[in-house]
Amino acid sequence: MNFKEIESKWQKYWEDNNIFVAKNGSDKKPYYILVEFPYPSGSGLHVGHVRSYTAQDSIARMKRMQGYNVLYPMGWDAFGAPAEQYAIKNHIHPKEAVKENIKTFKAQMKSLGFSFDWTREFSTTDPEYYKWTQWQFLQFYKHGMAYKDTVPVNWCPTCKSVLSNEDAAGGVCERCGSQVVQKEKSQWMLRMSEYAEDLLQGLDDTNFAERVKLGQINWIGKSVGAHVDFKIKGHDKTFTVFTTRCDTLFGATYCVLAPEHEYVLDITTKEHLEEVKEYIRNCSLKNEMERTELNKEKTGVFTGAYAINPVNGREIPIYISDYVLASYGTGSIMAVPAHDERDYEFAKKFNIPIIQVLEEVTGTPHENESEKKSIVAVVYDRENDKYLTINWKEKGGRLFVGGTIKDGETPLECAIREIKEETGYTDLELKEESFKINHHYYAYNKDKYFNIEATPLLFELKTNKKIEQELDDDEDFEVEWVSKDVILKEIKDQLHMKSFEYVTKPGAMVGDGTHTNSSFLDGLNKEDAINKMISWLEDKKLGKKKINYKMRDWIFSRQRFWGEPIPMIYCEKCGYVPMKEEDLPLLLPDVAEYEPTEDGESPLANIKEWVNTTCPCCGGKAKRETDTMPNWAGSSWYFLRFMDPHNDKEFASMDAMKYWGKVDWYNGGMEHTARHLLYARFWVQFLYNIGLVPNKEMIWTRVSHGMVLGSNNEKMSKSKGNVINPDDIVKEYGADTLRVYEMFMGDYQMDAPWSTDSLRGCKRFIDKVIRLLDKVNDKEGFTKELEVIQNKSIKKVTEDLTTLGYNTAISTLMILTNSYEDLESITKEDYHLLLTLLNPIAPHITEELNEKLGYEPICLGKFPVCDESKIVEEEKEIAVQVNGKVRATIKIKVDEEENEVKKKALAEENVIKHIDGKEVVKVIVIKGKIVNIVVK
RNA sequence: GCUCAUAUGGCGGAAUUGGUAGACGCGAUUGACUCAAAAUCAAUUUUUCGCAAGAAAGUUCCGGUUCAAGUCCGGAUAUGAGCACCA
């Protein structure tokens, strides 16, 4: 059979007969299946596209046969930098390049037989489309959701161009390699942060895959905390910090302002001014990437100013440091080195006091505890890499040196004394005195419950100098030096284990515990203390509860040519004025040069006749905004346009959107599950709030497919030479084979490597299906002995196609095919059933074979429905286990009596062998599943 | 560093959600057909022992729950992805 002819024959049939055209308002139940529309790049369709388009296509084809009115549209997300770059280089208008690329993409898609409704095709670059993108921007503006703000951008001084974060990775311009600097630029912004909570809550009204929801949640980054006001000593100024840990306020020993904080220069004292200015200058040279990525070690300078800690009036120094970001929270923090890793690191470096206000709790509290203070001393012998332990044998196991602090003694003095008394070692150097631990335990020798506050200390042994131990009568133990492995294995005591952890891995104590040194919070745990502190602060008007989100406003300007022009006009008199809606679309002009201007403005700024206009407000001279919209704009609402693509009155009619409802099934790449999806949801929620769309969420199910990797298990790329071009595969093996293979290659949501061998296997499968044609006999109806497996297959395939189980759907069909092959002959009905089940995945060849049988085209027919009565088997083979090991299998009737089953199981030869001479404790019979005989 | 995901034969991957681990496919080996090759068909293919019947081990590692664990719980390791000083 010539698959090329067959494929084009059926592709033509589908197109000529408008088989896949969706009708608005049809009586059939609507079903909207969406794949991310591609960016039509010059390199053509990727095999990764084929994977997700085929998956969605198989659902679409099945749903149509099940009687749904299916909308499966396709379009082009064609604005963006690559087309612009191409245009700059080749001096052709990007729209020409885009037109070419779309042509290629479309031909490739058609050659794969995707059942798109091409009557709804559009590109985001069509003026009829971007007119509405611009119109929607005006709605944002009119509702106060779009504003201008000055934000730092990545600027390449050589290319004279604004760079995206990706193009400025590592602080170096990707194109020319020169140092990227931060430059302040006035940009259009959308108030997306106002929607943070709604975007979070809205997830409950979706059926997104869990990992997709999680991606959204992380990106929004909600954290609940408090604002706390700090007075500045000698100024009448107050600054506010955001903290999630206001319970640790008593442990705040300094504050930090971001270098960009507005107060910095005001509060800096004369002596520190030079240093502070120098620091700020250095920071401005780094972009955000550098400040976060390359900055392993904390830096900062003291301003000379002091803040007053509102809970205890203590004066604490104010530093500036770039580890505090101006863009998050209030741009200033209170620092609690004892309980925050970053603050700890900073405090250690600048020798700032560390005050512990939270103690970790170990052991179990008990009534009538006696309280005392004690130490746990870890002594390390660097030379032999051993630790000093005391082996109490059965009386307490292995421990470190421990002991009770006497009156007037510091923990250090106590530790030195105890080490001397119990082990005799005297020549020690203190390495670490760590955070105190609150430990509850029962002392057998004293028959008492204790609640102790223990201080862990670490010493290093300088020399082996030793004196005689001074032991009490009840002290009977061995002093032993052991390795770290022995400690980790043998020390069971929680306090001693924790102490070891604390002193060997010093750092902030960030866990929960009980508060100390904290006045009215003492004794409370973290959660209670936070709540109590918030109400205390609110009472005293020193602060309040505050929720913060990582998600920021959307920077909506691009200094690029190839994007939707922002429809705003700047008038000297009136300021920024929106264009009149009836003047839209604001077309991109046809020009010859696309280079950005000297000062980084969009190339549009050079086109005088385009820029100069009149003010819609006062009629005076005015200039157009020359920034364009980001790529994300057009893709934020395209799924709405597909519902009503030719509407020239509205972006889509309410009727059409109500008819189709939410997108039932949206698929795309993992790389878009955070940002694109969030932007699109924001856009829709806004439109919903102003009454323009019927649902607050317009997407119901969202799944993300795994990548198709090269055969070497790496991402496909030209440089690695592992790229597979779908055209080549279609040419050599046919579209159906490629479709089957990509569905069979593995778990749909996971990455999977390309394997041409496996592809050949799928080709063999299709050939096998074709060969079955020779087995077709003249009999009517279905072959009796196939009925069970046929109906089981119907059930499995139907389920699998809507639960991402494409690979197991195909394996089911392979099994069905094999069972047909085992027979002398099959009926037409048998064959027709197999072809219909396989049709959603391999539509061409199945239609052709089906036609040879004399049936009407599969795409016009019905998808089979499982007859449950046919899959009830009378007999079943189940396993018999002895002590959980399979020893035999028995055949039983499905509703056989438990006792009968038991009898059968115990009569098996191999079972008798294994229970011989042993006592049968019990026999577990799980109906229709398994028998397990427990013997002793 | 944090978050998430994943870990099963030579390979891609199944396992009805706690009930016969390795479905299906690839690869490999052997045989049939052929002058030969391809295609096709038949058989074998987790490991070890055994002629076989069968036995033992086995789903990254350690521990636990259960009559029964790839699946549930606790801990560790590795790989991948995303975020990255988010107070």
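Protein chains get the first letters and strands the later ones, always in sequence-line order, with residue 1 at the start of each. This is a predicted model, so every value here is computed, not measured.
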Can you check each nucleotide of nucleotides 41-60 of chain B against protein heavy atoms at under 4.0 Å and return B for base, S for sugar-phosphate only, - for none, in 5' to 3' order?
-> S-------------SSS---
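Side-chain proximity of A/Tyr328 to the nucleotides B/rC26, B/rA87, B/rU3 is greatest for B/rA87. The listed nucleotides are B/rA87, B/rC4, B/rG25; the one nearest the side chain of A/Ser223 is B/rA87. Here B/rA87 is the nucleotide among B/rU3, B/rG27, B/rA87 with the atom lying nearest to any side-chain atom of A/Thr243. Considering only side-chain atoms of A/Met814, the nucleotide from B/rU20, B/rC24, B/rA87 that sits closest is B/rC24. Distance from the side chain of A/Tyr323 is smallest to B/rC85 among B/rU20, B/rC26, B/rC85. Counting only heavy atoms from C-beta on, A/Asp322 has its side chain closest to B/rC85 among B/rU20, B/rA23, B/rC85. Checking B/rG27, B/rC83, B/rC67 against the side-chain heavy atoms of A/Lys922 singles out B/rC67 as nearest.
At the phosphate of B/rG25, OP1 or OP2 sits under 4.0 Å from a side-chain N or O atom of A/Asn818. Residue A/Arg211 places no side-chain N or O under 4.0 Å from the OP1 or OP2 atom of B/rU6. Between A/Thr812 and the phosphate of B/rA23, there is no side-chain N or O to OP1/OP2 separation shorter than 4.0 Å. The phosphate of B/rC26 has OP1 or OP2 within less than 4.0 Å of a side-chain N or O from A/Arg764.
Counting any heavy atom pair closer than 4.0 Å across all strands shown, A/Glu877 reaches a base atom. Backbone-only engagement by A/Met750 is indicated by non-hydrogen atom pairs under 4.0 Å involving sugar-phosphate atoms exclusively. Residue A/Gly761 is in sugar-phosphate contact alone, with no base atom involved, counting any heavy-atom pair closer than 4.0 Å across all strands shown.
In the model, A/Gln749 has no side-chain atom that pairs as donor or acceptor with a side-chain atom of A/His705 under 3.5 Å. Between the side chains of A/Tyr328 and A/Ser223, at least one donor-acceptor pair of N or O atoms lies under 3.5 Å. When only modelled atom types and interatomic distance are considered, A/Tyr748 and A/Asn667 share a side-chain donor-acceptor pair under 3.5 Å. No hydrogens or angles considered: a donor-acceptor pair under 3.5 Å links the side chains of A/Asn722 and A/Asn712. A side-chain donor from one of A/Ser193 and A/Asp553 sits under 3.5 Å from a side-chain acceptor of the other.
Note: A/Tyr549 and A/Trp219 fail the aromatic proximity criterion, with ring centroids not under 6.0 Å apart. Ring pair A/Phe744/A/Tyr806: centre-to-centre distance not below 6.0 Å.
For A/Lys795, the salt bridge (charged side-chain N to carboxylate O under 4.0 Å, His left out) partners at least two apart in sequence or on another chain are A/Glu868.
The nucleotide B/rG1 finds its pairing partner in B/rC83, both defining distances of the Watson-Crick or G-U wobble pair being shorter than 3.5 Å. The base-pairing partner of B/rC24, taking Watson-Crick or G-U wobble contacts with both distances under 3.5 Å, is B/rG12.
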Grab the N/O contacts between the protein and nucleotides 14-16 of chain B below 3.5 Å, and write none if there aren't any.
residue : atom : partner  : partner atom : Å
B/rA14  : OP1  : A/Asn807 : ND2          : 3.2

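At a cut-off of 3.5 angstrom, counting only N and O atoms as typed in the model, there is a donor on one side and an acceptor on the other between the side-chain of A/Lys298 and the base of B/rC85. Residue A/Asn932 places a side-chain atom within donor-acceptor reach of the base of B/rC67, judged by atom type and a 3.5 Å distance cut-off alone.
Annotation: cation-pi geometry not satisfied between A/Lys298 and A/Phe346 (NZ/CZ under 6.0 angstrom from ring centroid, within 45° of ring axis).
When the shell of 6.0 Å around NZ of A/Lys545 is examined, it contains 12 or fewer heavy atoms from other residues, nucleotides or ligands.
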